[in-house]
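First the structure, then my questions, so here it is.
Residue numbers run from 1 in the order of the sequence given. Side chains included, hydrogens not; waters and symmetry mates left out as well; all remaining heavy atoms used.
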Amino acid sequence: MAGATGIAGVAGVAGSASAQEYPPIGNYPIQGNPTFGFTVPQSGPYSSEGQDELRAYELAVEHLNNGGGWVDSWDGLSGNGVLDQQIEFVSGDTATDADTARQTARRMIQRDQAIMLSGGSSSAVAIAIQELCQRERVQYQCCLTHSNETTGSNCVRYSFREMFNAYMTAQALVPPVTNEYGQNNNFYQLYADYSWGQTQQASMSQFFSEAGWNEIQSVATPLGTKDFSSYLSQVPRQRTDVLFLNHYGLDGANSLSQAIDMGLDEDMEIVVPLYNRPMAQAAGGAIGGIFGTVAWDSQIDNQPSNDFTQTFREKYERIPSGPAQLAYAQTLQYAAAVERAGTFYPPEVIKQLEGYQYNNFGMGQETMRKCDHQAQRAVPVVKGLPQSEQQQGQFFEIVNLTPADQLGYGCDEGPAAECDLGPYE
């Protein structure tokens, strides 16, 4: 889908002065107006998240070209395009499938000459796209990807992630969940059988076992499962104190709703480590009292969060989700790095983001770490509201906005120890 209309009559090379200074690489130098490519799931189990991401991407391009929203208060952004060039965009469906996503991204790079890609709701999709972008030397701004491997064993120089990972989710959940449910519990896990679910299961196992809990078993479920009853029926009710459902999107809504319908909550506590507003809306009353983490929520009460909620709501008459906030923020993050670099030349833009400290996203002070391109940031821990208290797009109460200094790991530890970013050029 075509995005914002470029300025009529403008031709030539974007960032013209800098285009004389750097050799061609990827889709640089840019001919005509710069194009951003947005890869989102418009079908499949994560399509609701993808639809909200695309709304936010379109809003970000509108604001970059015409002003508004965060652009008006973001250092370095003018509201008159990027490097005085109006931004255009294309979008494509990943279908929550790595092969489809790779084809979509390749088309954007080769046919549309996109200078930057962003998107993802599945970590398998994000990893596939960022590997392609590294080979093609086109920058990728991850949106919703939560696997440890994205900025761990599969990290690349040309990709950055704002979203926290499964490792940080487990770290953030241990204190409130153990405080609520006690010590020495037996836990059972179901998890989505792909990169994200596997690292999510491993992280929950690691940190809750270190906290003194005992894991009974972990069972993999295929991505896109609609009926979880055969898996849920195998959970040993007499032995299980806490059930972790490591599912996301429509899968997460289905597994949680079916667990409640089967009465598992009468015999054990249930935790959904990662969820969001579209998922909670689909699950309805099933989320009442359920702990989890979210990328961001409109209830976070500070100026950046409130401004984003207001401008998104004015545009779309709906409250934005965490994936929407990520999509919007990552587009502006890239644009601001281009402005600081004074060029779209990818190696210089990358260097502007490596080690960059910022406080624009409503999550407090953050750092985009140089060693693995993983944001060091706060993690919101939430608990689902009963259906009677859900109103105007609010489905959670925020239990804790866990600060960045209580989370994470060193560059030689955890997922980062497996990261080798690769070359700039």
Would you tell me whether E314 and Q310 have side-chain atoms, one donor and one acceptor, within less than 3.5 Å of each other?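 A pair is found: one side chain offers a donor N or O, the other an acceptor, under 3.5 Å apart.
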
Is the closest side-chain donor-acceptor distance between S123 and S195 under 3.5 Å?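 Note: S123 and S195 side chains miss the donor-acceptor criterion.
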
Which atoms form the tightest heavy-atom contact between V125 and G120, and what is the distance?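 In terms of heavy atoms, the two residues are closest at CG1-CA, 4.3 Å.
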
Distance-only side-chain donor-acceptor flag, N306 / T309, under 3.5 Å: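 No, because no side-chain N or O of N306 sits under 3.5 Å from a partner of the opposite role on T309.
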
Determine, using ring centers only, whether F207 and Y167 are less than 6.0 Å apart.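 Between F207 and Y167, which both carry aromatic rings, the centre distance is below 6.0 Å.
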
Run the salt bridge (charged side-chain N to carboxylate O under 4.0 Å, His left out) check on E354 and R157 step by step: do they pass? CA-CA 10 Å; E354 291 180 330; R157 181 72 62 184; 2.8 Å; yes

Flag the pair E180 and K383 as a salt bridge only when some basic side-chain nitrogen lies within less than 4.0 angstrom of an acidic carboxylate oxygen.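 A salt bridge is present here (some side-chain N lies under 4.0 Å from a carboxylate O).
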
Give yes when the SG atoms of C371 and C419 are nearer than 2.5 Å, otherwise give no.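 No, C371 does not link to C419 through a disulfide.
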
Can you tell me how the ring of F228 sits relative to the ring of H247, calling it parallel under 30°, perpendicular over 60° and tilted otherwise?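 It falls in the tilted class, 30° to 60°.
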
With side chain to side chain donor-acceptor pair (under 3.5 Å) as the test, would you mind laying out the steps for D193 and Q198 before giving the verdict? CA-CA 6 Å; D193 194 14; Q198 293 157 6; 3.0 Å; yes

Please verify the inter-ring angle class for Y345 with Y28; under 30° counts as parallel, over 60° as perpendicular, anything in between as tilted.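 Ring orientation of Y345 relative to Y28: perpendicular.
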
Polar side-chain atom of N186 near backbone of T240 as donor-acceptor pair, under 3.5 Å: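 Not at all, since once roles are kept as given, no pair shorter than 3.5 Å links the two residues.
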
Relative to each other, are the rings of F244 and W213 parallel, tilted or perpendicular (30° and 60° limits)?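 The rings of F244 and W213 lie parallel, inter-plane angle below 30°.
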
With a cut-off of 6.0 Å (strictly less than), are more than 12 heavy atoms of other residues, nucleotides or ligands near CG of D405?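 Count over threshold, so yes.
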
Check the side chains of S122 and W196 for a donor-acceptor pair under 3.5 angstrom, ignoring hydrogens and angles.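 Judged by distance alone, the side chains do not pair up.
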
Proximity of Y275 and F395 rings by center, below 6.0 Å: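 Y275 vs F395: aromatic centres not under 6.0 Å.
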
Any luck finding a side-chain donor-acceptor pair between S159 and H373 under 3.5 Å?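 Result is no, nothing qualifies.
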
Donor + acceptor pair across side chains of T94, T104 (<3.5 Å):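 The criterion, which ignores hydrogens and geometry beyond distance, is not satisfied for T104 and T94.
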
Does a donor on one side chain and an acceptor on the other come within less than 3.5 Å for N254 and Q258?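 Absent: no donor and acceptor within the cut-off.
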
F38 ring center within less than 6.0 Å of Y57 ring center: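 Centroid distance Y57-F38: below 6.0 Å, so yes.
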
Within a radius of less than 6.0 Å around CD of Q238, do more than 12 heavy atoms belonging to other residues, nucleotides or ligands occur?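 It does not: Q238 CD has 12 such atoms or fewer within range.
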
What are the two closest non-hydrogen atoms of L385 and Q394, and how far apart are they?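 Nearest pair, atom of L385 first, then Q394: CD1-O, 4.0 Å.
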
Please check: side-chain N/O of E162 versus main-chain N/O of L326, any donor-acceptor pairing under 3.5 Å?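 Side chain of E162 to backbone of L326, a donor-acceptor pair under 3.5 Å: no, none is there.
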
Side-chain donor-acceptor pair under 3.5 Å between S118 and Q330, yes or no?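 On atom types as modelled, these side chains do not qualify, holding no pair under 3.5 Å.
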
With salt bridge (charged side-chain N to carboxylate O under 4.0 Å, His left out) as the test, would you mind laying out the steps for E58 and K315 before giving the verdict? CA-CA 10 Å; E58 293 177 358; K315 175 72 174 180; over 6 Å; no

Taking the six-membered ring of Y409 (Phe, Tyr or Trp), confirm whether the NZ or CZ of R369 is under 6.0 Å from its centre and within 45° of its axis.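 R369 over Y409 ring: yes.
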
Tell me yes or no: between the side chains of S203 and N148, is some donor less than 3.5 Å from an acceptor?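 Side chains of S203 and N148: pair found under 3.5 Å.
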
Option among L243, L264, N185, V242 that satisfies the side-chain contact (heavy atoms from CB on, under 4.5 Å) test with E269: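 For E269, the side-chain contact (heavy atoms from CB on, under 4.5 Å) test succeeds with only one of L243, L264, N185, V242, which is V242.
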
What about the rings of Y328 and F308, do their centers lie closer together than 6.0 Å?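 Yes, close enough.
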
The single option from D52, D297, N276 passing side-chain hydrogen bond (donor to acceptor under 3.5 Å, both in side chains) against S321: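 Among D52, D297, N276, the one that satisfies the side-chain hydrogen bond (donor to acceptor under 3.5 Å, both in side chains) with S321 is D52.
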
Check the angle between the aromatic planes of Y181 and F291 and answer parallel, tilted or perpendicular using the 30° and 60° thresholds.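 Y181 and F291: perpendicular rings.
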
Between E425 and R137, does any side-chain N to carboxylate O distance fall below 4.0 Å?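 Answer for the salt bridge query: no.
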
Would you check if there is a donor-acceptor pair between the side chains of E215 and Q189 at a distance under 3.5 Å?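 Checked: Q189/E215 side chains pair up, N/O donor to acceptor below 3.5 Å.
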
Return yes if a side-chain donor-acceptor contact under 3.5 Å exists between Q139 and Q141, otherwise no.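 Yes - a donor-acceptor pair under 3.5 Å links their side chains.
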
Do you know the tightest heavy-atom contact between R340 and Q352?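 Here R340 and Q352 meet closest at NH2-O, 3.1 Å.
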
Mark yes or no: K351 above the aromatic ring of Y424, with NZ or CZ under 6.0 Å from the six-membered ring centre and no more than 45 degrees from the axis.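 Geometry flag: set, cation within 6.0 Å and 45°.
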
